[in-house]
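Count residues from 1 along the sequence. Both backbone and side-chain heavy atoms feed into the values below; hydrogens, waters and symmetry mates do not.
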Amino acid sequence: MEQATNSIERKKTEQAANSIVFLAFVLLFFASPGVADPLTYNVLNYGAKPDDNFDSTQALVAAWTLACGSINPATIYVPPGRFLVRNVVFRGQCKNNGIVFRIDGTLVAPSDYKVIGSTGNWLFFEHVNGVSIYGGILDGQGTGLWTCKRSGKGCPSGATSLGFSNSRSIETRGLTSLNSQMYHIVINECQPLDCVSVGPGTNNLWIEKVACGPGHGISIGSLGKEVEEAGVQNVTVKTVAFTGTENGVRIKSWGRQSSGFARNILFQHAVMTDVQNPIVIDQHYCPDEKSCPDQVSGVKISDVTYQDIHGTSATEVAVKFDCSSEYPCSNIRLEDVKLTYRNKAAEASCSNADGTASGFVQPSSCL
């Protein structure tokens, strides 16, 4: 009997020991930072300084290089403060599809546009898949990023605050784009930069809680510059605000032949304050009337929804669909739109556009 009792006690002791070992293993496994949390790359650790006069570009590039090269999801963290950053291209292909930019501070463009040069972009994402951008402020500082109406001295060409091209599954939330107009004396010759520009080959893009102004607004395009060009699809732009911008939500294509397209686009919950062109599709883009005079755009635009968009227009025509005569815009939907001009109903203009209107729509739909 005593031997049996001792045997039972030994088994209990062994089971308890095994349970403790297993529990210790589980705790160790889940406490491992590589398993529990994504890798975080704080730009301060790579030489960035919250100083308007200190160039933190290389620190941001270093953090991106590490995050892009990681096989695990990674976060690039920009802490509170103002960080001076020159023009940067964030290129893929990355080894993971879960890179997050967590911005608690402000990224500041150079005040001298010559630093940006003729690249046409400040912060540009190319060939990336699965990038999210949360929070933060982009400050263009007015002087550094202008798009000129005409070529000539004193203005750079085609500058964009935040751009995407040939990218998939991109998300931006809570982002504010500033472009304080410091050079009012040249406002008649140059225009402020795009807030967000979406280029060819971009798929599955989510933009949310973005504030723009002044500037060009949020643009899909220019599309159709090349004869053979990838299209744009599955883009959502929601909860956005525009103040004093040239455009609100815009789709723009060159007036010449192309295999490009734009489809499955949703613009939702947008507030316009004194915006020159709150809702616009322009398929006759031809700067300086070169390389495309009197041509017809080959870009096919379809399945575009404008939902819950309201505010004030700075011009009488608040809704303008100027589409291709060869490939008319199709399935354009206006839902609950209210735009006024000088305290009265604005106007709408349609050319080669087909679609529907539902709910309260003002100006009266021309579809």
TODO: Any pair with a residue in residues 335-367 that passes disulfide bond (SG atoms under 2.5 Å apart), sequence neighbours left out, goes on the list, sorted by first then second residue, please.
DONE: Cys350-Cys366
Task: Fellow cluster residues of Trp254, listed by chain then number, with links counted only when side-chain atoms sit under 4.5 Å apart - done: Tyr285
Look up atom [atom1] in [X] and atom [atom2] in [Y], then write down how far apart they are to the nearest 0.5 Å.
X      : Y      : atom1 : atom2 : result
Asn53  : Leu84  : CG    : CG    : 7.5 Å
Asp308 : His269 : CG    : NE2   : 5.5 Å
His310 : Met272 : NE2   : CE    : 10.0 Å
Leu107 : Leu123 : CG    : CG    : 6.0 Å
Gln268 : Tyr306 : CD    : OH    : 14.0 Å
Gln295 : Ser324 : CD    : OG    : 11.5 Å

Are any non-hydrogen side-chain atoms of [X] and [Y] less than 4.5 angstrom apart?
X      : Y      : result
Leu339 : Gln362 : no
Cys94  : Ile99  : yes
Phe267 : Ile220 : yes
Phe321 : Asp282 : no
Ile133 : Phe125 : yes
Ile76  : Val43  : yes
Ile218 : Val240 : yes
Pro79  : Asn42  : yes

Using a 3.5 Å cut-off and no angle test, enumerate the donor-acceptor pairs between side-chain atoms of residues 54-66 and protein atoms at least two apart in sequence or in another chain.
residue : atom : partner : partner atom : Å
Asp55   : OD1  : Thr57   : N            : 2.9
Asp55   : OD1  : Thr57   : OG1          : 2.5
Asp55   : OD2  : Arg86   : NE           : 2.6
Ser56   : OG   : Lys49   : N            : 3.1
Ser56   : OG   : Lys49   : O            : 3.4
Thr57   : OG1  : Arg86   : N            : 2.8
Trp64   : NE1  : Arg91   : O            : 3.3
Thr65   : OG1  : Val61   : O            : 2.8

Does either side chain, that of [X] or that of [Y], offer a donor lying less than 3.5 Å from an acceptor on the other one?
X      : Y      : answer
His216 : Asn247 : no
Gln283 : Ser253 : yes
Lys320 : Ser349 : no

Task: Working for side chain to side chain contact (heavy atoms under 4.5 Å, CB included), residues Glu316 and Arg342 - done: CA-CA 8 Å; Glu316 195 169 0; Arg342 294 183 177 177; over 6 Å; no
[X] to [Y] - nearest heavy-atom pair and separation:
X      : Y      : value
Arg250 : Lys252 : NH2-NZ, 3.7 Å
Pro50  : Leu44  : CD-CD2, 4.1 Å
Ala357 : Val361 : CB-CG2, 4.1 Å
Tyr41  : Ala74  : CE1-CB, 3.8 Å
Leu39  : Ser70  : CD1-OG, 3.4 Å
Ala262 : Val299 : N-CG1, 4.4 Å

Check: [Y] main-chain N/O paired with [X] side-chain donor or acceptor under 3.5 Å:
X      : Y      : result
Trp122 : Val85  : yes
Thr315 : Gln276 : yes
Ser258 : Gly298 : no
Thr312 : Asp274 : yes
Ser219 : Gly221 : no
Asn129 : Asn97  : no
Thr202 : Gly199 : yes

Open item on the list: Suppose we screen for salt bridge (charged side-chain N to carboxylate O under 4.0 Å, His left out). Which residues come up paired with Asp104, at least two apart in sequence or across chains?
Closed with: none
- [ ] May I ask you to check whether Tyr77 and Tyr134 place their ring centers less than 6.0 Å from one another?
- [x] no
Task: Between Phe101 and Phe90, ring centroids under 6.0 Å - done: yes
Same cluster or not: are [X] and [Y] linked, directly or through other Ile, Leu, Val, Met, Phe, Trp or Tyr residues, by side-chain heavy atoms under 4.5 angstrom apart?
X      : Y      : result
Val88  : Val131 : yes
Val198 : Val280 : no
Ile281 : Val296 : no

Open item on the list: Name the residue from Asn277, Ile279, Leu367 that meets the side-chain contact (heavy atoms from CB on, under 4.5 Å) definition with Val319.
Closed with: Ile279
- [ ] List the steps and the verdict of side chain to side chain contact (heavy atoms under 4.5 Å, CB included) for Val108 and Phe83.
- [x] CA-CA 6 Å; Val108 184; Phe83 296 86; over 6 Å; no
Could you go through residues 230-238 and list every donor-acceptor pair under 3.5 Å that involves a side-chain atom there, pairing it with any protein atom two or more places apart or in another chain?
residue : atom : partner : partner atom : Å
Gln233  : OE1  : Arg263  : NE           : 3.2
Gln233  : OE1  : Arg263  : NH2          : 3.4
Asn234  : OD1  : Asn264  : ND2          : 3.3
Asn234  : ND2  : Asn204  : OD1          : 3.2

Solution key, residues 328-335 side-chain donor-acceptor pairs under 3.5 Å, sequence neighbours excluded:
residue : atom : partner : partner atom : Å
Asn331  : OD1  : Arg333  : NH1          : 3.0
Asn331  : ND2  : Asp303  : OD1          : 2.4
Arg333  : NE   : Thr305  : OG1          : 2.9
Arg333  : NH2  : Thr305  : OG1          : 2.7
Glu335  : OE1  : Gln307  : NE2          : 2.6

